[in-house]
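Take a look at the structure set out below.
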Amino acid sequence: MDVYFPLSKRSRNSASGERFEQKKPSIEVLPDECLFEIFRWLRGGRERSSCACVSKRWLILVSNICKYEIRDNNITQALNPKDESTNKKGGSVSEVEHNDVDSDGYFTRSLEGKKATDGGLAAIAIGTASRGGLGKLFIRGSNSWNRVTTVGLRAISCGCPSLRVLSLWNLSSIGDEGLCEIANGCHRLVTLDLCHCPAVTDKSLLAIAKGCPKLNDLTIESCANVGNEGLLALASCCPNLKSVSIKNCPLVGDQGVASLLSSASYSLTKLKLQALNITDEMFSVIGHYGKSVTDLSLTSLPNVSDNGFWIMGNSKGLQKLKSFTIASCLGLTDRGLEAVGKGCVNLKQFYLFKCDLLSDKGLVSFAKVAGSLESLQLEDCHRITQIGLFCSLLNCSAKLKVISLVNCLGVVDLTTGLPPVSPCESLQSLSIRNCPGFSNSSLAVLGKLCPQLQHVELRRLHGITDAGFLQLLESCNAGLVKVNLKDCINLSDKAVCRLTNLHRWTLETLNLDGCKISDASLFAIAENCRLLGDLDVSKCAITDSGIAALAHSDLINVQILSVSGCSMVSDKSLPSLRNLGKTLLGLNLQQCKAISRSAIDLLVQQLWRCNMLF
């Protein structure tokens, strides 16, 4: 057998007698400029991707080649028309991320934590350039030792001219230079989201305004060096803004926000302002120029008084407003709230949070004039009492469907009942959460006022007992569909049995987490609830017998079941849970200490299509 031996390198002797081996010449000795020029002559995307895999240096160089810098691009495509389709079969660089293609045919990429590096961005730029292009890019907080810098954004700018959505979160290393690169290369950008980027200043927004005139969605949050100058530039160059959200930017004042509103008066539909140094004058601009605004959110604006809300409402400019949120605005009073109700004639959803000066008078006045209101949510409004709630229901529009009270400490049971009144037939959903003064008498009144309820949520109401809940059940004529009684510790089997009997044909979701119930409730559910698909009996005194009753019922087809914290459910329930697994899609067995680990492992194997928590 002939054996081949490769020629070995010949050794040479130096003049001093020392021996050394002859080294092969390496392309690495070439400077970056020469390598860059070589890479420009590569035939197609596949070849450039292969070169990018050689080293980090080559990766960065290849990623900085813009499409217009590739030599004889038209000739290359004519000679190799199948190159693009070949590239779609994949390569090492193109497979760095495996996100889906969006509806526009462009790729979506997301880098988080340790993956958010310049090398990662360069690989994305090369990998997507020959496969249709990058449409959306999300970068979430890079690590401290290998952060995203201008180099990475320059790669995106050169290789991804099709970029439409850019979101940068928690990137202290990204500054004006990087965003200027984006503005120079990504002229199709329509959505920009900057959150916790302290090095970004007005200079970045000036560049974006000039380079990305199609911008229509802008979000700026916690960027301390962004001020009015940048917003003025966007207002003059981007007249088609549809959504603007500015939060916690101390340098932003009336001038900047007013310029955005006035320039996009006929296109802006969503506006969110939070923790800014704006005044009553800004609210007059909102009331006058918000002609197309349908969604408005105003949060933590300490320099705005009640006059601002009054002027905004009386300006009559918010005719198209449908959803309105006012949170932590201490200047809002009853007078301003009534003016808002009169000025926003098409308002459907209204959310009030931590408005300490609001009282029953203002709430009732608002309910009278808000003729299109469908949903009213109140949270941490402690001056609102039972009188305000009931009178609002009596004076609200015929379209009101949802009302919610959360942590309103002023809601305390009435000592006297209400006179006979006409009920609110339109209300379908009632939610009372963490209002410690709310108890049986209030619940009985609500039952009479709202006979068409379908969704009821009563959470952490320790004053509710079986007697009060039964009165509500007797008044609900439409049939309850969703019932949430979480942490109502004084509700027992009696209330649950009556609920399942009266509303057996409609009940679909039932949450009894923390209630004082036993197996008797599960027996009633198994016998009556034909449509029940979601059942939560966490932290209840149920046993294996109750689980067995559910499993042997021919009526129910539970898809979501939670028995978390049920200490008396043991391994004996394994056959029952396996039988329920025919329909189960979700099962929560957390903190069930009587169920062994081996039983859980067996269930995981048998209920392979069920999402389990244990």
Side-chain angles (χ1 to χ4, degrees), residues 32 36 48 52 56-69 93 96-97 99 106-129 133-212 214-215 217-223 225-226 230 233-234:
D32 289 349
F36 185 84
R48 288 190 292 275
K56 184 176 180 180
R57 179 193 178 198
W58 284 31
L59 173 65
I60 298 300
L61 285 173
V62 174
S63 67
N64 280 289
I65 302 176
C66 296
K67 190 173 183 180
Y68 66 85
E69 294 178 317
V93 173
V96 170
E97 292 292 326
N99 300 37
Y106 298 111
F107 285 92
T108 297
R109 294 292 183 260
S110 178
L111 294 180
E112 298 184 12
K114 294 181 180 180
K115 293 183 179 181
T117 62
D118 288 339
L121 289 178
I124 287 174
I126 298 171
T128 59
L134 182 66
K136 299 177 182 180
L137 177 61
F138 303 89
I139 307 176
R140 301 287 188 264
S142 61
N143 51 31
S144 58
W145 58 271
N146 195 11
R147 300 175 295 178
V148 171
T149 65
T150 302
V151 175
L153 292 187
R154 183 181 298 118
I156 295 297
S157 173
C158 294
C160 308
S162 60
L163 187 68
R164 296 170 58 86
V165 177
L166 177 62
S167 179
L168 306 176
W169 283 26
N170 300 320
L171 296 173
S172 59
S173 56
I174 293 296
D176 294 334
E177 188 176 356
L179 282 176
C180 287
E181 292 287 347
I182 294 294
N184 292 333
C186 304
H187 303 300
R188 300 181 186 179
L189 193 70
V190 295
T191 300
L192 178 62
D193 181 5
L194 302 175
C195 180
H196 291 280
C197 297
V200 173
T201 69
D202 288 333
K203 183 179 178 181
S204 296
L205 297 187
L206 288 169
I208 292 293
K210 295 179 181 179
C212 309
K214 296 181 180 180
L215 192 72
D217 192 334
L218 174 67
T219 300
I220 305 176
E221 180 177 351
S222 299
C223 296
N225 292 310
V226 170
L234 290 172

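Position 1 is the first residue of the sequence, and the numbers go up from there.
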Full working for side chain to side chain contact (heavy atoms under 4.5 Å, CB included) between L168 and L179: CA-CA 10 Å; L168 306 176; L179 282 176; 4.0 Å; yes
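- The backbone N or O of T149 lies less than 3.5 Å from no partner atom in the side chain of S173, so there is not a single donor-acceptor pair.
- Nearest heavy-atom pair, L234 versus L205, reported as atom, atom and distance to 0.1 Å: CD2-O, 3.9 Å.
- Within the model, atoms SG of C158 and CD of E181 stand 6.5 Å from one another, a figure rounded to the nearest 0.5 Å.
- Separation of atoms CG (L218) and OG1 (T191) is listed at 9.5 Å; rounding is to 0.5 Å.
- Annotation: side chain of S162 is in contact with side chain of R188 (closest heavy-atom distance under 4.5 Å).
- The OG1 atom of T150 sits 8.5 Å away from the CG atom of D118 when rounded to the nearest 0.5 Å.
- S167 meets the side chain to side chain contact (heavy atoms under 4.5 Å, CB included) test with F138, R140, W169, D193; sequence neighbours excluded.
- The two residues L163 and V165 come nearest to each other via the heavy atoms CD1-O, 3.5 Å.
- With sequence neighbours excluded, the residues satisfying side chain to side chain contact (heavy atoms under 4.5 Å, CB included) with A207 are C180, A183.
- What you find for L134 and R109 is that their closest heavy atoms are CD1-CG, 3.5 Å.
- Nearest heavy atoms, P198 versus L171: CD-O, 4.3 Å.
- The distance from atom CG of N170 to atom SG of C197, rounded to the nearest 0.5 Å, is 7.5 Å.
- L153 and L121 get closest at one heavy-atom pair: N-CD1, 4.1 Å.
- For the pair I124/L111, a side-chain contact is recorded, criterion being any heavy-atom separation below 4.5 Å from C-beta on.
- Put simply, CD1 on I208 and NE2 on H187 are 10.5 Å apart, with the number rounded to the nearest 0.5 Å.
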L192 vs T219, side chain to side chain contact (heavy atoms under 4.5 Å, CB included): CA-CA, chis, key distance, verdict: CA-CA 6 Å; L192 178 62; T219 300; over 6 Å; no
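- Listed here is the closest heavy atom pair of C186 and C212: O-SG, 3.3 Å.
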Derivation and outcome, side chain to side chain contact (heavy atoms under 4.5 Å, CB included), residues E177 and R154: CA-CA 9 Å; E177 188 176 356; R154 183 181 298 118; 3.8 Å; yes
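- If you take CD on E221 and NE2 on H196, they are separated by 5.0 Å, rounding to the nearest 0.5 Å.
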